[in-house]
Amino acid sequence: MMNRPAELGEFGFAGDDRVVPFQVEGLDVRGRAVQIGPLLNTILARHDYPEPVARLLAEAIVLTVLIGTSLKFEGKFTVQTKSDGPVDLLVADFASPENVRAYARFDEGRLAEAVAAGRTSPEQLLGAGVLALTIDQGNFMQPYQGIVPLDGASLEDIAGVYFRQSEQIPTRVRLGAAEFFDRDEEGRPRRTWRAGGLIAQFLPEAPERMRHSDLHGGDGDNGDRPHSEDDAWAEARMLVDTVDADELTDPQIGVERLLFRLFHERGVRVYEPHAVHDRCSCSREKIKGVLSSFSQEEIDASQTDGAITVTCEFCSTTYRYEAAEVLNA
Ligand SMILES: [Zn+2]
C-alpha cells in the first residue's frame with residue numbers, strides 16, 4: 001500500500017490525523033510527519049485535562065503515532081512515562097493498524113503549586129523517572145520494552161536518546177502542541193488543541209556511515225571516539241532543528257508544506273498517508289474477564305449494593321456488573 005513514493009502533493013494534502021511517511025534520498029533520511037487535531041480534541045475533551053497536562057499528553061500522542069505507524073507489526077505499541085513530578089503518568093498506545101488511546105495521571109494539588117510557581121516545563125511537570133516504549137505483539141510473543149531515563153529533557157530529546165541508544169539509529173524527533181481559542185457555530189468561546197511532530201532517521205545503505213553519526217554523547221559514550229558525523233546526517237539534523245513549534249501545529253502549513261520547506265532541495269518524496277483514529281480497545285467482555293480473576297474477598301471489597309462499576313481510564317466508559325455475574329463468569 002505504501003510502497004510507491006510520490007512527489008509532494010500527489011496525494012493532495014494529508015490533513016489532520018494522518019501520518020505522512022517521507023523519504024529524502026539526497027540525505028539518506030526517512031521519516032514521518034503528522035498534524036493531529038480532531039483525534040486529539042476528542043481524547044482531551046473526554047478528560048478535561050488542565051492545560052499543562054493536555055500539552056504533555058498531546059506530545060506523547062504524537063510520538064506514539066509517529067513510531068506506531070512505522071512498525072510493521074500486529075499488536076500494540078505503547079509510550080509511557082512514569083515519574084515523580086506532578087504529572088506522574090502519561091500513557092498513549094497505538095493498536096495496529098490505526099487505533100489510538102491515551103490518558104494522563106496527575107496530582108491536582110502539586111500541579112496547581114507548580115503552575116503558581118511557574119514551574120511548567122515538561123521536565124518540571126514530569127520530574128525524574130523513565131520513558132518506556134513497549135511493543136506487544138500478543139499472547140505468543142514476548143513484549144519488547146526499551147527504557148530511557150527522563151533526565152530533565154523534553155519528550156522530543158528523550159525520544160532521540162531512545163533511538164540512539166536502543167536502536168542505534170541516528171534520529172531527530174520534533175514534537176509540538178498548541179491550544180487555539182475560537183468560537184463554535186453558536187458563537188460560544190471554544191478551546192481546541194492541535195499537535196504535530198516529525199521524526200527523521202538516518203538510514204544509509206552503508207551501515208558504517210550510521211555508526212559514525214550522532215551516536216556520540218550518549219550514556220554509553222566512552223568519550224574517546226572521534227566526532228566524525230556524516231555530512232548528510234549533519235545537514236538533515238540541522239534542517240530539522242530549524243522547525244519552529246508553530247510550524248508543527250499550523251493547519252495552514254500542514255505536513256507537506258513543512259517537508260517541502262525543509263527538504264525540497266534534496267528531493268523529498270512522500271508516501272500514502274496512514275490515518276489514525278481515537279478508538280479504545282476496552283470492552284464489557286474484556287473487563288469482565290479481568291474481574292472474574294478476582295477472589296470472592298476482592299469482589300466483596302469492590303462491590304456496592306451488589307454491583308461493581310469499572311471505568312476505563314483511557315476512554316472513560318463505565319461498565320457495571322452484578323457481583324454474581326462476575327463470580328460466575
Ligand atoms: Zn476504554
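Atoms within a ligand are numbered from 1 in the order they appear, just like the ligands themselves. Predicted, not measured: the structure shown is a model, and the values here were computed from it.
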For F13, does the six-membered ring have the charged nitrogen or CZ of R257 within the cation-pi criterion, i.e. under 6.0 angstrom from the centroid and within 45° of the normal? yes

R284/E325 salt bridge by N-O under 4.0 Å criterion: yes

Qualifying residues under side chain to side chain contact (heavy atoms under 4.5 Å, CB included), relative to A195, sequence neighbours excluded: I36, L40, A58, V62, A177

Is atom CD of E51 surrounded by more than 12 heavy atoms (other residues, nucleotides or ligands) closer than 6.0 Å? yes

E156 side chain to L175 main-chain N or O, any donor-acceptor pair under 3.5 Å? yes

Any non-hydrogen side-chain atom of R101 less than 4.5 Å from a side-chain atom of C315? no

Quick one: name the protein N/O/S atoms under 2.8 Å from the Zn ion (ligand 1), chain by chain. C280 SG, C282 SG, C312 SG, C315 SG

